[in-house]
Q: 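Sharing a structure here in structure tokens format.
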Amino acid sequence: QKEVEQNSGPLSVPEGAIASLNCTYSDRGSQSFFWYRQYSGKSPELIMFIYSNGDKEDGRFTAQLNKASQYVSLLIRDSQPSDSATYLCAVNAGNNRKLIWGLGTSLAVNP
Amino acid sequence: KAGVTQTPRYLIKTRGQQVTLSCSPISGHRSVSWYQQTPGQGLQFLFEYFSETQRNKGNFPGRFSGRQFSNSRSEMNVSTLELGDSALYLCASSSLAGTDYGYTFGSGTRLTVV
């Protein structure tokens with residue numbers, strides 16, 4: 001089992017819809033969870049981080065964390081074509097608390 | 001405020017050669033982490049430096065090494081290059097050590113080994 005798993009996609013949603021991206025992780029001791037966005041040919045950019053169970057909202061983005069079920073999700077409301085990118089989930093894990101990355105979910109928002 | 005600066009942006013090297021990549025973090029940031037990104041493996045952690053000390057290291061062979069200078073600039077060296085070392089190498093900086101805080105990534109160095 002991979003330590004951090006994401007559906008590779010592509011996830012295709014119409015403009016204005018809600019995009020839901022999911023990530024599961026294997027280390028129950030993980031404490032910090034991050035979502036990065038990476039446009040094609042660019043470097044990752046931090047968009048959300050969450051440490052506690054529940055929801056955290058920032059503009060059109062909401063991160064949801066459920067430690068009991070070991071998943072973290074990202075909701076993008078009112079999706080725009082400019083949201084089309086690969087979304088990377090990262091989790092700190094292990095005794096040495098290295099950041100472990102999923103392979104990313106490709107999101108396409110269609111006008 | 002200047003971001004994370006990585007040089008060079010692109011490199012083409014021959015198998016067996018060595019290469020040095022440079023990273024200048026955001027002013028005031030003392031933590032620098034290096035990652036290798038490939039389509040099949042995604043982002044793989046190489047090492048983290050904080051105040052000139054290596055705090056953490058990934059599972060890469062000893063051909064991969066790094067260092068950090070007193071001004072927080074960091075270099076990464078790969079010796080005896082192999083074809084499989086072709087990748088995007090990303091540097092990330094943070095104001096604090098560890099992985100509890102978000103990174104700011106540089107634009108990366110695209111290394112091609114032929």
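All chains are named by letter (A, B, ...) in the order of the sequence lines, taking the proteins before the strands, and each is independently numbered beginning at 1.
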Q: Taking all non-hydrogen atoms of both residues, which atom of A:Ser43 and which atom of B:Ser107 are closest, and how far apart?
A: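 Smallest interatomic distance, heavy atoms only, reads OG-CA, 4.1 Å.
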
Q: Are B:Phe105 and B:Leu111 connected, step by step, through hydrophobic side chains (Ile, Leu, Val, Met, Phe, Trp, Tyr) whose heavy atoms are closer than 4.5 Å?
A: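 They do not share one cluster, since no chain of ILVMFWY contacts under 4.5 Å joins B:Phe105 to B:Leu111.
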
Q: Other residues, nucleotides and ligands only: do more than 12 of their heavy atoms fall within 6.0 Å of CD1 on B:Ile12?
A: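 Atom CD1 in B:Ile12 is not packed in, count stays at 12 or less.
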
Q: Are there over 12 heavy-atom neighbours, none belonging to B:Tyr10, within less than 6.0 Å of that residue's OH?
A: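 Open.
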
Q: Let's go through A:Phe34 and B:Tyr103 carefully: what are the C-alpha distance in whole Å and the side-chain angles of both, what is the deciding distance for side chain to side chain contact (heavy atoms under 4.5 Å, CB included) to 0.1 Å, and is it a yes or a no?
A: CA-CA 10 Å; A:Phe34 304 88; B:Tyr103 294 143; over 6 Å; no

Q: Name the member of A:Glu45, A:Gln31, A:Gln38 that forms the most heavy-atom pairs with chain B at distances under 4.5 Å.
A: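 Highest number of heavy-atom pairs under 4.5 Å: A:Gln38.
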
Q: Are B:Val32 and B:Ile26 joined in one hydrophobic group, where the rule is that I, L, V, M, F, W and Y side chains link up if heavy atoms are under 4.5 Å apart?
A: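 They do not share one cluster, since no chain of ILVMFWY contacts under 4.5 Å joins B:Val32 to B:Ile26.
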
Q: Name the atoms and distances for all side-chain donor-acceptor pairs under 3.5 Å in residues 101-111 of chain A, with sequence neighbours left out.
A:
{"unit_1": "A:Thr105", "atom_1": "OG1", "unit_2": "A:Asn7", "atom_2": "O", "d": "2.4"}
{"unit_1": "A:Asn110", "atom_1": "ND2", "unit_2": "A:Ser12", "atom_2": "OG", "d": "2.5"}

Q: What's the spacing between B:Tyr35 OH and A:Leu99 CG if we round to 0.5 Å?
A: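 If we round to the nearest 0.5 Å, B:Tyr35:OH and A:Leu99:CG are 4.0 Å apart.
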
Q: Is B:Phe45 linked to B:Phe60 within one hydrophobic cluster, defined over Ile, Leu, Val, Met, Phe, Trp and Tyr using a side-chain heavy-atom separation of less than 4.5 Å?
A: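 No, B:Phe45 does not connect to B:Phe60 through the hydrophobic network.
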
Q: Contact between B:Gln44 and A:Ile100 at the side-chain level, heavy atoms closer than 4.5 Å - yes or no?
A: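 No, too far: nothing below the 4.5 Å cut-off.
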
Q: Spell out the residues in residues 64-76 of chain B that have some non-hydrogen atom less than 4.5 Å away from a non-hydrogen atom of chain A, in order of number; otherwise answer 'none'.
A: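 No residue falls under the 4.5 Å cut-off.
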
Q: Assess whether atom CZ of B:Arg63 is packed by more than 12 heavy atoms of other residues, nucleotides or ligands within 6.0 Å.
A: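 Yes, enclosed.
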
Q: Do any of residues 46-56 of chain B come closer than 4.5 Å to chain A, heavy atom to heavy atom, and if so which ones, in number order?
A: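 Heavy-atom contacts from residues 46-56 of chain B to chain A are B:Asn56.
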
Q: Any idea which heavy atoms bring A:Pro44 and B:Leu90 closest together, and the distance?
A: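 So the two residues come closest at CD-CD1, 3.7 Å.
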
Q: Between B:Leu43 and A:Leu88, is there a side-chain heavy-atom distance shorter than 4.5 Å?
A: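 Yes - at least one pair of side-chain heavy atoms lies under 4.5 Å apart.
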
Q: Quick one: CG on B:Leu88 to NZ on A:Lys42, what's the gap to the nearest 0.5 Å?
A: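 Answer for the CG-NZ pair, B:Leu88 versus A:Lys42, is 12.0 Å.
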
Q: Just jot down the salt bridge (charged side-chain N to carboxylate O under 4.0 Å, His left out) partners of A:Glu57, sequence neighbours excluded, or say none.
A: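 Once residues adjacent in sequence are excluded, the partners of A:Glu57 under the salt bridge (charged side-chain N to carboxylate O under 4.0 Å, His left out) criterion are A:Arg77.
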
Q: Kindly work out whether a path of hydrophobic side-chain contacts (I/L/V/M/F/W/Y, heavy atoms less than 4.5 Å apart) joins B:Trp34 to B:Val4.
A: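 No; B:Val4 is not reachable from B:Trp34 via cluster members.
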
Q: Where on A:Tyr36 is there a heavy atom nearer than 4.5 Å to chain B: the side chain, the backbone, both, or neither?
A: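 Only the side chain of A:Tyr36 comes within 4.5 Å of chain B.
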
Q: Quick check on the hydrophobic clustering: are A:Trp35 and A:Leu11 connected, directly or via other members, by side-chain heavy-atom contacts under 4.5 Å?
A: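 In one cluster with A:Trp35: A:Leu11, yes.
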
